[in-house]
Amino acid sequence: LVVLLHMPIGSRDDRDGSREREGAVLGSAAGVVTTSGWSRRWLLAAYGLDPARVRVARPGVDPAERAVGSSHGRNLLCVGAVTPGKGHDVLLAALTRIAGPGWRCTCVGALTSAPDFVADLRRGIRRARLADRFVLTGPRTGRELEASYAASDALVLASRGETYGMV
């Protein structure tokens, strides 16, 4: 059994004992493949894994056309599952401080991974009266996702932690 690990669960809050369970799984695996040097170093330090069994395979993508953006330069794009770790609440708090019209933030990503968090975020969006400017679209793929990137002027990501920024 070889485990592919993008983001160590144990590197986050461990109130539920997930760190111990993750260590047990990784310790029993024949090998571990992770997506960054940081993840590898963290796993070795946290779980005392045999360094020969932990490898790094950095993800990649096919190059895309350069985004053309908008004529006004105010379209923000955030791509990632809407979860506490991705920091959409931090992004919303920051954007509520930017007065005046103009910016629009499109958040593309799954809305089902942390439903309570999404509900709280939606309440915050309504409270800030930003429903038309801070938009949660749900997931997009293929041409629809490509169009989102092409129309954006800046990519914004307020993650609380990333092992490898796949966006």
Side-chain angles (χ1 to χ4, degrees), residues 3-23 25 34-36 38-39 42-43 46 58-167:
V3 175
L4 172 62
L5 185 84
H6 169 60
M7 182 72 175
I9 295 170
S11 68
R12 298 177 230 153
D13 187 357
D14 189 38
R15 285 181 253 181
D16 65 354
S18 58
R19 186 173 183 168
E20 183 178 334
R21 291 190 306 276
E22 181 177 63
V25 168
T34 187
T35 57
S36 71
W38 178 91
S39 293
W42 192 92
L43 292 174
R58 288 178 183 81
V61 297
D62 294 329
E65 294 294 320
R66 180 170 275 219
V68 295
S70 70
S71 60
H72 53 71
R74 297 181 213 133
N75 288 342
L76 308 177
L77 177 65
C78 181
V79 178
V82 182
T83 63
K86 294 296 182 185
H88 290 80
D89 54 334
V90 174
L91 180 58
L92 176 62
L95 290 175
T96 59
R97 294 178 165 193
I98 299 176
W103 64 264
R104 177 179 168 84
C105 185
T106 301
C107 299
V108 175
L111 301 172
T112 55
S113 300
D116 292 342
F117 177 78
V118 171
D120 287 344
L121 186 63
R122 287 188 193 278
R123 281 190 286 277
I125 293 167
R126 282 192 302 274
R127 226 180 357 263
R129 295 189 174 106
L130 293 174
D132 59 331
R133 296 173 67 193
F134 195 95
V135 180
L136 307 178
T137 68
R140 291 181 174 171
T141 60
R143 293 197 188 283
E144 193 177 23
L145 180 58
E146 289 172 14
S148 297
Y149 276 113
S152 69
D153 298 306
L155 182 67
V156 291
L157 192 61
S159 290
R160 290 179 165 86
E162 288 287 337
T163 58
Y164 186 96
M166 294 178 58
V167 169

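Summarising the geometry, atom CD1 belonging to Ile125 is positioned 11.0 Å from atom CG belonging to Asp132; distances are rounded to the nearest 0.5 Å.
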Just distance, no hydrogens or angles: give the donor-acceptor pairs under 3.5 Å from side chains in residues 111-120, sequence neighbours left out.
residue, atom, partner, partner atom, Å
Asp120, OD1, Arg123, NH2, 2.2

Show me the donor-acceptor pairs within less than 3.5 Å that the side chains of residues 77-93 make with the rest of the protein, sequence neighbours left out.
residue, atom, partner, partner atom, Å
Lys86, NZ, Glu162, OE1, 3.4
Lys86, NZ, Glu162, OE2, 2.5
Asp89, OD1, Arg160, NH1, 3.1
Asp89, OD1, Arg160, NH2, 3.2
Asp89, OD2, Arg160, NH2, 2.9

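In this structure Asp153 satisfies the side-chain hydrogen bond (donor to acceptor under 3.5 Å, both in side chains) test together with Ser70, sequence neighbours excluded. Here Arg140 pairs with Thr106, Val108, Thr137, Glu144, Leu145, Ser148 under the side-chain contact (heavy atoms from CB on, under 4.5 Å) rule; sequence neighbours left out. With sequence neighbours left out, Ala151 forms a side-chain contact (heavy atoms from CB on, under 4.5 Å) with no residue at all.
Nearest heavy atom pair, residue Arg19 against residue Ala46, reads NH2-CB, 3.2 Å. Annotation for Trp103 and Ile98: closest pair NE1-O, 3.5 Å, computed over non-hydrogen atoms. Residues Ala67 and Tyr149 approach most closely at CB-O, 3.3 Å, considering heavy atoms.
Contact of the Leu95 side chain with the Val156 side chain is not registered, since no non-hydrogen atoms from C-beta on lie closer than 4.5 Å.
Arg133 places no side-chain N or O within 3.5 Å of a backbone atom of Cys105 that could act as its donor or acceptor partner. At least one donor-acceptor pair under 3.5 Å links the side chain of Ser36 to the backbone N or O of Ser39.
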